[in-house]
Amino acid sequence: MKLPVIALVGRPNVGKSTLFNRLTKTRDALVADYSGLTRDRKYGEGQLAGKRFMLIDTGGISGDEEGIDSVMAEQSLQAMDEADVVLFVVDSRAGLTSADRMIAEHLRNKGRKALLVANKIDGVNPDVAMAEFYELGFETVFPTTATHGRGVKTMIEQVLEPFDQAEEVQPEDDDHRGIKIAVVGRPNVGKSTLVNRLLGEDRVVVFDMPGTTRDSIYIDYERHDKPYTLIDTAGIRRRKNVKLAVEKFSIVKTLQAIEDANVAVLLIDASEGLVDQDLHMMGHVLDAGRALVVAVNKWDGLQAEQKDTIKAELERRLRFADFADIHFISALHGSGVGNLYPSIERAYAAATDKLSTSWLTRILEDAVAQHQPPMVQGRRIKLRYAHSGGQNPPLIVIHGNQTDRVPNNYVRYLEKTFREALDLHGTPVRIEFKGSANPYGDKQQLSDRQAAKKRRLDKTKQARAKRPNGKK
């Protein structure tokens, strides 16, 4: 059955994200003593006494928004329209403000079911702190302290009381969320625009300013009756340019989103060409072992000569990731965006394919027959058989002798051979070696040590026997 949807709205810095994390029992929402930290709608799921509910965290509304703040406010208003219940969060320490009155008036005009939450009640007299908020016209005011959880359970119990249909609903398996696609790249390359284009709606904030997205936004949706989860991430700049603590948190969230994804779509700005930071981002994706699709954005605004130059540069500098598909798109106008899905599907299928031991061993035998491993100290490295060790990325475990001495160039040769033979398109391949342990190795080492000790004692006795009598 449909879960009740609860939206958290209010002025900036009243504790909405802290309350979101408390109710969902996660740390998904960024929290800092920083006004306007949340910009996009963030969805999460909470559960209390067998009842599940969907929670929406929103950016703050002050009433005098300009520029990006006005776009953020639109996200909050959309969340109000989606919700079954709106929790209007106010700051009990700051008292009633004109922005609070404006939000309350909007809720009344919209006819939304709304409840007032007076947050940050610790350290003050609750009756005195909440008195002035009653003039907003809400029947009940819930005193809470989201940071410590004070009053939060009582509040959410009363909110969920009318929603009996949510009882005993089993949580969805994570596999039912479908392919998790992370859109990554430098700031201001068009990631949020691409996300909105893939979704067909203005789901995340888009503004002509680097660093618009600060958090990783997970969005579940369906396309042609197939489930997907799209992850919009914050852009990662070069380390020397990162100074704000907020941006450092955003980078951590982006790296976590890459780890959590099945496929990463690396977005490159065609107007700036391929830069070193794009390669660093690709390195993060490959280090995490995630399937990869490259999308070159803002392609429609280039001249023919510029396009030829960028294609040549991509071919030259991306040879280490030649298994990834490259698409030339315009996220703003939608050209080429639909072609990303076949590559995403193909890369995901390759990354999660089940590989049989017999087939992997046969490929290994053919590879060794065509190009044998090198000799090490007069002994040939022997690779005997292979089996699957995991998925996303595909992990191939190879057993043999002297496997700890296999050189890197031979490892790359094996990776390429397995990828071509198995048609593992769009995903990196990892190889792990395991040597054959000698069950008598410890006994042999002990025997060797005893023999060496005996030889030393014999030499000592012989030396003493040759000395003159009476001398030690």
Side-chain angles (χ1 to χ4, degrees), residues 1-10 13-32 37-60 75-76 78-90 107 112-122 138 140-178 180 203-204 215-221 227 229-232 253 256-257 260:
M1 297 182 182
K2 181 179 180 295
L3 298 182
V5 180
I6 303 170
L8 304 176
V9 301
N13 212 31
V14 296
K16 298 184 296 299
S17 294
T18 304
L19 183 58
F20 177 91
N21 288 344
R22 174 69 61 177
L23 290 171
T24 58
K25 298 180 181 178
T26 67
R27 300 179 64 182
D28 289 346
L30 286 180
V31 176
L37 182 60
T38 302
R39 287 178 171 171
D40 300 286
R41 307 199 304 275
K42 174 176 279 293
Y43 291 73
E45 186 177 307
Q47 184 172 351
L48 181 68
K51 291 185 177 182
R52 293 168 55 223
F53 55 92
M54 188 65 65
L55 206 62
I56 312 177
D57 186 22
T58 66
Q75 293 281 315
S76 299
Q78 289 181 33
M80 293 182 193
D81 294 336
E82 294 177 3
D84 298 308
V85 180
V86 175
L87 292 183
F88 176 23
V89 186
V90 295
L107 290 171
R112 310 302 301 169
K113 181 180 179 181
L115 303 172
L116 189 64
V117 179
N119 196 31
K120 304 182 184 180
I121 206 70
D122 55 315
F138 294 89
T140 306
V141 180
F142 296 103
T144 65
T145 301
T147 52
H148 304 130
R150 177 183 174 185
V152 173
K153 183 178 179 181
T154 302
M155 178 266 295
I156 198 64
E157 284 177 345
Q158 294 188 39
V159 171
L160 293 176
E161 189 174 351
F163 298 97
D164 293 334
Q165 73 272 18
E167 291 185 357
E168 303 303 328
V169 179
Q170 295 299 319
E172 289 185 357
D173 192 333
D174 193 55
D175 292 339
H176 291 126
R177 300 181 70 176
K180 286 186 282 190
R203 171 60 181 79
V204 292
D215 206 348
S216 297
I217 309 300
Y218 285 66
I219 309 161
D220 296 331
Y221 70 108
T229 297
L230 203 55
I231 312 174
D232 186 22
K253 285 285 190 177
Q256 290 175 343
D260 194 30

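- A 4.5 Å side-chain heavy-atom check between V85 and F53 finds every atom pair outside the cut-off.
- Using a 4.5 Å heavy-atom cutoff, the side chains of V5 and D84 are in contact.
- Considering every non-hydrogen atom in both K25 and Q47, the closest pair reads NZ-O, 4.5 Å.
- The nearest pair of heavy atoms linking V152 to A146 is CG2-CA, 4.3 Å.
- The shortest side-chain heavy-atom distance between L115 and V159 falls under the 4.5 Å cut-off.
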> Stepwise, does the side-chain contact (heavy atoms from CB on, under 4.5 Å) test hold for Q158 with F142?
Replying inline: CA-CA 10 Å; Q158 294 188 39; F142 296 103; 3.5 Å; yes
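- Once rounded to the nearest 0.5 Å, the distance linking OG1 of T144 with CG of N119 reads 4.0 Å.
- With rounding to the nearest 0.5 angstrom, the NZ atom of K51 is 7.0 Å from the CD atom of E161.
- Side-chain atoms of V117 and F88, non-hydrogen and from C-beta on, never get closer than 4.5 Å to each other.
- Ion pairing between a basic and an acidic side chain is recognised when a charged N comes within 4.0 Å of a carboxylate O; R150 and D122 show no such pairing.
- Residues K120 and G15 approach most closely at CE-N, 4.4 Å, considering heavy atoms.
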>> Using side-chain contact (heavy atoms from CB on, under 4.5 Å), reason through I56 and I6 one step at a time and then give a plain yes or no.
In response: CA-CA 6 Å; I56 312 177; I6 303 170; over 6 Å; no
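- What you find for A118 and I121 is that their closest heavy atoms are O-CB, 4.3 Å.
- In this view, A114 and V86, L107, F138 satisfy the side chain to side chain contact (heavy atoms under 4.5 Å, CB included) rule, not counting sequence neighbours.
- Distance check: L55 CG to L23 CG gives 5.5 Å after rounding to the nearest 0.5 Å.
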>> If you apply the rule side-chain contact (heavy atoms from CB on, under 4.5 Å), what do you find for T58 with K16, and how did you get there?
In response: CA-CA 8 Å; T58 66; K16 298 184 296 299; 4.1 Å; yes
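- Between P4 and L160, some side-chain heavy-atom pair lies under the 4.5 Å cut-off.
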> Would V89 and V9 satisfy side-chain contact (heavy atoms from CB on, under 4.5 Å), going step by step from the backbone distance to the final call?
Replying inline: CA-CA 6 Å; V89 186; V9 301; over 6 Å; no
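- Rounding to the nearest 0.5 angstrom, the gap separating the CG atom in D57 from the CG atom in L19 is 8.5 Å.
- Residues K180 and D260 meet the side-chain proximity criterion, which asks for heavy atoms closer than 4.5 Å.
- Not counting sequence neighbours, the partners of T147 by the side chain to side chain contact (heavy atoms under 4.5 Å, CB included) test are T18, T145.
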